[in-house]
Every structure is written in C-alpha cells, then in structure tokens.
A.B. asks: 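Below you will find the structure I want to go over with you.
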Amino acid sequence: MSRLPTPVRQTAQILRKARHMIYAAASFWLLVFVLMAWGVDHLWRSQAKPKTLNAVLFPGTLVAQVGRIIGLLITGATVAPGAPKGEDGDRPDWQPKLPVIGPVLVALIPMAAISSMLYLVMVYLGPAIISQLPADQIPPSMPLSLTAFWEQLRRLITLSENTLNAVRGADIAAWQVALFVYLMICLTIRMAPSPGNVRGHVGAVVILGVIAALAGSVWETMPQLILSAWPLLALSIGWVLLVLLATLLACGIIQTTRLVLRTE
C-alpha cells in the first residue's frame, strides 16, 4: 500500500469517528460494485455473443475463470467428459459439491484474484489518476434514509465525473492511459457474478465483511488498512459506474436507431 497516495484528510477524519461502521460500509460498497458490474455484464451480453465478449475482455475473463476453476477444484466439482457447453462456453454441470460454503468459495476466489489484479493495475499504472480522485465521495456509512440515498446518488455521479476527468488529465504516457483504461474495463466488469452463482457472490461479500470485523477486533490496524485501500474502492466504483452510464447511453442509441430504421 506504500505506493498509493494518502486518502484525503476529510475521509480519514470521518473514518476515525465512525470506526465501527467501516466494515459494514466496506461490504456495502463492495456489493454495490459487484451489482453494477453485473448490470454492465448483462447489458453487454444483450448486445454481443458471450464468446465475443469473453474474447474482448480476455484479461479479466482469464483471471476470473482461473479463479473459478480453482474454487471448483477445491470444492470437489467434477466435469462429465461429454457434458454439453452453454452459450458462453461454460459447462452447466460445473457446480461445487459442498453445500452453502461451496458457492461462496467459487465466488470468493475469483473476486480476490480480480481485486489483486486491480490493485496491481492501479499501483503501477494509476497513481496519477488515484491522486486526483476525492475518495470522500464514498463515505464509510450506508444511506439509511431517503435523503441520504439521494445525496449518495449525487456523490456517485460526481465521482464518475471526477474519474473521467482524472483519466483525461492524467500526466502519464498515452499508452499507459490506454492500457489502464482497457485493463480497468476488463477487470471491473468481470467482478460480475458468474451465471448461476449470484447468491455465492453476495455470500462472499458478507463473509469478507464478517472476516474483516473479526480481524479488526483483535488487530487494531485493520481499520487503517481498509482506510488505505479506500481510494482503490472509490476508483473501482467510479469506474464501473462510468462504464454503466456509457453502456446505457450506447444501448439507448442502438435501440433507437434500430427502431427508426425498422419503421422506415
């Protein structure tokens, strides 16, 4: 974490005051991240064949699939030699044998692998971008009222705008920007739940929060560790929201164009 820029002072002060809320807030925003990635993945699948999408997002697909296979092997999943493949090339009988904990592990390992790759991408390609992001747009609390909910929506839009401005104004080489953008798209979208294992992904996020809270009860530096990673979470959420908004706009244009051409 030493390579990462220090989070803004306001965020540090808020986190110190709400120390006991850090774990719940981190789990909440991680779940938001996963759900938005799921939304982008669903929209992209509606416009392109799964095999094409897997090829376009190859780095993220590779990391996610390797993590998933490791999880399946750990949980004792077997594959019938003649089992038919689905549209995305996956085998429908690749399911963990362990009940409850199996789907969680199959989701947790790819999430951990993708998070590690996101960390490396941000550390080696994105410090100039992270330093321009206001991490306090993602507060260490959950919007529990209607007013807080709308306020947080406004903050997320601001974060998405700041993310785009940070990428455009980054003082790094053009190829680094292009590589950063491509890898961020590939990795953030692949945080989406794999088909048929949505419950496992939700359970994995909850388990991570519980583990962090238990570790924090005996390890006093755990909240500070989460604080140091907060800019990474903010950038990930801002990025996937930016991709989601761009995808919605593109889908709207495509569907409108098809409708106009069809009526003519």
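All heavy atoms count here, side chains included; hydrogens, waters and symmetry mates do not.
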A.B. asks: State which residues pass side chain to side chain contact (heavy atoms under 4.5 Å, CB included) with Thr257; sequence neighbours excluded, sorted by chain then number.
C.D. replies: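 Side chain to side chain contact (heavy atoms under 4.5 Å, CB included) check on Thr257 returns Ile253, Leu261.
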A.B. asks: Looking only at atom types and distance, does a side-chain atom of Gln132 sit under 3.5 Å from a main-chain N or O of Ala128, one as donor and one as acceptor?
C.D. replies: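 Yes; judged by distance alone, with no hydrogens or angles, the pair exists.
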A.B. asks: With sequence neighbours excluded, what pairs up with Glu161 under the salt bridge (Lys or Arg N to Asp or Glu O under 4.0 Å) test?
C.D. replies: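 Expected list: none.
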A.B. asks: Tell me whether Asp41 contacts the main-chain N or O of Ala37 through its side chain, where contact means a donor paired with an acceptor under 3.5 Å.
C.D. replies: no
A.B. asks: Run the side chain to side chain contact (heavy atoms under 4.5 Å, CB included) test against Ala148 and tell me which residues pass, sequence neighbours left out.
C.D. replies: Pro143, Ser145
A.B. asks: Throw together a table of side-chain donor-acceptor distances under 3.5 angstrom for residues 55-62, partners on residues two or more places apart or in other chains.
C.D. replies:
residue	atom	partner	partner atom	Å
Thr61	OG1	Asn54	O	3.2
Thr61	OG1	Leu57	O	2.9
Thr61	OG1	Arg190	NE	3.1
Thr61	OG1	Arg190	NH2	3.3

A.B. asks: What residue pairs, at least two apart or across chains, pass side-chain hydrogen bond (donor to acceptor under 3.5 Å, both in side chains) with a residue in residues 239-251?
C.D. replies: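 Passing the test, one end in residues 239-251: Trp44-Thr247.
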A.B. asks: Does any part of the side chain of Leu259, heavy atoms only, come nearer than 4.5 Å to the side chain of Gln255, both counted from C-beta?
C.D. replies: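 No. Closest side-chain heavy atoms not under 4.5 Å.
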A.B. asks: Determine, step by step, whether Leu232 and Leu118 satisfy the side-chain contact (heavy atoms from CB on, under 4.5 Å) criterion, reporting the C-alpha distance in whole Å, the side-chain angles of both residues, the deciding distance to 0.1 Å, and the verdict.
C.D. replies: CA-CA 8 Å; Leu232 301 183; Leu118 281 171; over 6 Å; no
A.B. asks: Under the criterion side-chain contact (heavy atoms from CB on, under 4.5 Å), I'd like the reasoning laid out for Gln152 against Trp29: C-alpha separation, chi angles, the key distance, then a yes or no.
C.D. replies: CA-CA 11 Å; Gln152 189 51 59; Trp29 290 114; 3.2 Å; yes
A.B. asks: Could you list the donor-acceptor pairs under 3.5 angstrom formed by side chains in residues 201-215, with sequence neighbours left out?
C.D. replies:
residue	atom	partner	partner atom	Å
His201	ND1	Asn197	O	3.2

A.B. asks: Roughly how far, to the nearest 0.5 Å, is CD1 of Ile226 from CG of Leu233?
C.D. replies: 10.0 Å
A.B. asks: Out of curiosity, Ile129 CD1 to Arg168 CZ, how far, rounded to the nearest 0.5 Å?
C.D. replies: 13.0 Å
A.B. asks: Using a 3.5 Å cut-off and no angle test, enumerate the donor-acceptor pairs between side-chain atoms of residues 98-117 and protein atoms at least two apart in sequence or in another chain.
C.D. replies:
residue	atom	partner	partner atom	Å
Ser115	OG	Met111	O	2.8
Ser116	OG	Ala112	O	2.9

A.B. asks: Please examine the side chains of Arg45 and Leu53, heavy atoms only from C-beta on, and report whether any two atoms are closer than 4.5 Å.
C.D. replies: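 The answer is yes; the side chains approach within 4.5 Å.
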A.B. asks: Let me confirm one number: the CG-CG distance from Leu242 to Asn162, rounded to the nearest 0.5 Å.
C.D. replies: 11.0 Å
A.B. asks: Would a distance-only check, ignoring hydrogens and angles, find a side-chain to backbone donor-acceptor pair under 3.5 Å from Thr52 to Ala48?
C.D. replies: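 Not at all, since once roles are kept as given, no pair shorter than 3.5 Å links the two residues.
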A.B. asks: Hey, what do you get for CE (Met36) to CG (Leu245), rounding to the nearest 0.5 Å?
C.D. replies: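 Between Met36 CE and Leu245 CG, I get 9.0 Å after rounding to 0.5 Å.
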A.B. asks: Can you tell me which residue pairs pass the salt bridge (charged side-chain N to carboxylate O under 4.0 Å, His left out) test with a partner in residues 113-128, sequence neighbours excluded?
C.D. replies: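 The answer is none; no pair qualifies.
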A.B. asks: Are Leu30 and Met191 side-chain neighbours, meaning at least one heavy-atom pair lies under 4.5 Å?
C.D. replies: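 Side-chain contact under 4.5 Å: yes.
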A.B. asks: Given the rule that I, L, V, M, F, W and Y join up when any side-chain heavy atoms are under 4.5 Å apart, are Leu249 and Val243 in one cluster?
C.D. replies: no
A.B. asks: Atom CG in Leu164, atom CG in Leu159: separation rounded to 0.5 Å?
C.D. replies: 11.5 Å
A.B. asks: Other members of the hydrophobic cluster containing Ile254, with the 4.5 Å side-chain heavy-atom rule, please.
C.D. replies: none
A.B. asks: So, does Ser160 use its side chain to make a donor-acceptor pair with the main chain of Leu156 at under 3.5 Å?
C.D. replies: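 Answer holds: no.
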A.B. asks: Sequence neighbours left out, what passes side chain to side chain contact (heavy atoms under 4.5 Å, CB included) with Leu125? Give chain and number order.
C.D. replies: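 Only Val121, Gln176, Leu179, Phe180, Leu183 meet the side chain to side chain contact (heavy atoms under 4.5 Å, CB included) criterion with Leu125.
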A.B. asks: Apply salt bridge (Lys or Arg N to Asp or Glu O under 4.0 Å) to Arg154 and list each qualifying residue two or more places apart in sequence or on a separate chain.
C.D. replies: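 Residues passing salt bridge (Lys or Arg N to Asp or Glu O under 4.0 Å) with Arg154: Glu151.
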A.B. asks: Taking the side chain as every heavy atom from C-beta outward, state whether Val181 and Val167 have any atom pair closer than 4.5 Å.
C.D. replies: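 A side-chain contact exists here, since the closest heavy-atom pair is under 4.5 Å.
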A.B. asks: Any chance you could measure Asn165, atom CG, to Thr158, atom OG1, to the nearest 0.5 Å?
C.D. replies: 10.5 Å
A.B. asks: Kindly indicate whether the side chain of Val240, heavy atoms from C-beta on, has any atom under 4.5 Å from the side chain of Met184.
C.D. replies: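 Counting from C-beta outward, Val240 and Met184 never come under 4.5 Å.
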A.B. asks: Checking side-chain contact (heavy atoms from CB on, under 4.5 Å) for the pair Val123/Ile130: CA distance, chi angles, key distance, verdict?
C.D. replies: CA-CA 9 Å; Val123 165; Ile130 297 175; over 6 Å; no
